[in-house]
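Atom set for the values below is all heavy atoms of this structure, side chains included, hydrogens, waters and symmetry mates excluded. Chain A is the first sequence line, chain B the second, and so forth, proteins listed ahead of strands; every chain is numbered from 1.
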There are 2 protein chains.
Amino acid sequence: MFSKATEYALRATIYIARKSSEENKLGIEEIAKAINSPKSFTAKILQKLTANNGIISSVRGPGGGFYLSSKAQKRPVRDILHVMEEDGVLGKCVLGLKKCSEAMPCPMHAEYKGIKQQLIQLFEHTTIQQLAHDADKIIPLNKPARH
Amino acid sequence: MFSKATEYALRATIYIARKSSEENKLGIEEIAKAINSPKSFTAKILQKLTANNGIISSVRGPGGGFYLSSKAQKRPVRDILHVMEEDGVLGKCVLGLKKCSEAMPCPMHAEYKGIKQQLIQLFEHTTIQQLAHDADKIIPLNKPARH
DNA sequence: ATAATTAAGGACAAAAATATCCTTTATTTT
DNA sequence: AAAATAAAGGATATTTTTGTCCTTAATTAT
């Protein structure tokens with residue numbers, strides 16, 4: 001469904017949401033290991049997600065790393081797709097027609113329509129935080145101890 | 001959702017289903033033009049779909065071309081995906097985890113599960129013929145006159 | 001100030017997907 | 001039999017995606 005880059009973006013963001021805070025940032029080494037992705041490639045992706053006040057926050061230098069602000073936690077998962085320039089796939093025609101619409105439907109349009117709507121809804125209404133919480137309920141992560 | 005190759009495969013197969021018969025075969029030139037795809041690349045894809053008594057039938061030489069047997073018409077759309085080695089995407093984990101399952105769910109598993117099932121059902125239960133008929137109802141094609 | 005740490009960014013490499021071209025093979029028509 | 005037609009198949013080119021490596025910039029600790 002999505003490119004590897006976007007899969008890594010989703011996995012990384014959710015992992016950061018689960019384990020980091022402004023007081024406890026995560027390094028690229030740990031993140032890539034945890035989500036099982038190539039380190040340097042993942043670094044590029046996090047750069048994208050961090051750029052111009054993006055979804056992920058980052059700080060350089062010792063004690064630095066990546067974290068998610070509580071504001072960012074509340075953003076819909078779709079925002080990650082948008083940064084990765086793949087939010088288009090959600091609304092895209094299954095047969096790849098550029099002009100597929102209600103007025104000019106492709107042969108699969110009627111059959112696929114409902115699923116497409118659910119997909120868009122899912123990514124629009126689900127927040128990063130929700131996924132992080134859901135995941136925590138099932139497989140708790142070692143979170144940093146509070147001071 | 002699918003690769004270009006698979007999109008072309010779906011479009012081509014549906015077009016052939018709509019316009020061809022054993023008595024009236026279609027050439028690669030016409031098919032590629034009709035579905036707006038690169039000719040030689042599409043030829044490769046049709047080769048795949050034709051190989052070892054596959055979905056599409058073909059005959060070489062004058063009067064030859066591609067067509068769909070009435071038996072092939074009744075096959076599920078999923079068979080096309082299978083030949084293109086992309087039926088995996090239907091059941092795949094959204095986050096790209098290889099071991100995502102009920103027992104070891106990814107953070108999106110619960111949310112995506114229902115959509116995934118619908119997707120599989122759609123491609124499994126919809127036949128090529130159904131799509132061809134649906135499409136004909138909306139935008140009729142110039143079909144060859146019967147003798 | 002200097003050294004150490006960590007993300008940012010540029011350049012490059014490898015692999016996969018997409019696309020084209022040319023030759024060969026099968027079939028029909030002349 | 002020869003010529004013409006149309007798919008099959010091989011070789012190669014182009015583009016995109018994925019991945020690596022090295023240098024630069026920012027920040028902190030010594």
At under 4.0 Å between heavy atoms, which parts of nucleotides 24-30 of chain D does protein reach? Answer with one letter per nucleotide, 5' to 3': B base, S sugar-phosphate only, - none.
-> -BBBB--
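- Nucleic acid contact class of A/Ile56 (heavy atoms, under 4.0 Å, all strands): none.
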What do the steps show when you test A/Glu7 against B/Lys92 for salt bridge (charged side-chain N to carboxylate O under 4.0 Å, His left out), and what is the final call?
-> CA-CA 12 Å; A/Glu7 288 175 357; B/Lys92 202 187 160 200; 2.6 Å; yes
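- Atom-to-atom, CD of B/Glu30 to C1' of D/dA6 comes out at 14 Å; the value is rounded to the nearest Å.
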Using Watson-Crick and G-U wobble pairs with both distances under 3.5 Å, what is the 5'-to-3' dot-bracket string of DNA chain C, with [ ] for crossing pairs and | for pairs outside the strand?
-> ||||||||||||||||||||||||||||||
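- For the pair A/Asn24 CG and C/dT6 P, the computed distance is 13 Å after rounding to whole Å.
- Listed by chain and number, the residues in a salt bridge (charged side-chain N to carboxylate O under 4.0 Å, His left out) with B/Glu22 amount to none (sequence neighbours excluded).
- For the side-chain contact (heavy atoms from CB on, under 4.5 Å) test, residues two or more places apart in sequence or in another chain that qualify with B/Ala43 are B/Ile28.
- Interatomic distance, CD of B/Gln117 versus CD1 of A/Ile115, reported as 11.0 Å (0.5 Å rounding).
- A straight line from NZ of B/Lys25 to P of D/dA6 spans 12 Å, rounded to a whole angstrom.
- Expressed to the nearest 0.5 Å, how far NZ of A/Lys48 lies from CD of A/Glu85 amounts to 5.0 Å.
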Every protein N/O within reach of nucleotides 15-21 of chain C N/O, cut-off under 3.5 Å:
from   : atom 1 : to     : atom 2 : distance (Å)
C/dT18 : OP1    : B/Lys4 : N      : 3.0
C/dA19 : OP2    : B/Tyr8 : OH     : 3.1

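- Residue B/Leu46 is classed as having no contact, given no heavy-atom separation below 4.0 Å to the nucleic acid.
- Taking every side-chain heavy atom of B/Phe66 into account, D/dA7 is the closest of D/dG9, C/dA7, D/dA7.
- A/Ile31 comes within contact range of no nucleotide atom at all, as no heavy-atom separation falls under 4.0 Å.
- With hydrogens and angles ignored, the 3.5 Å screen pairs no side-chain donor or acceptor of A/Thr6 with any backbone N or O of A/Phe2.
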Side-chain donor-acceptor distances from residues 95-105 of chain A under 3.5 Å, at least two apart:
from     : atom 1 : to       : atom 2 : distance (Å)
A/Ser101 : OG     : A/Ala103 : N      : 3.3
A/Ser101 : OG     : A/Met104 : N      : 3.1
A/Glu102 : OE2    : A/His109 : NE2    : 2.9

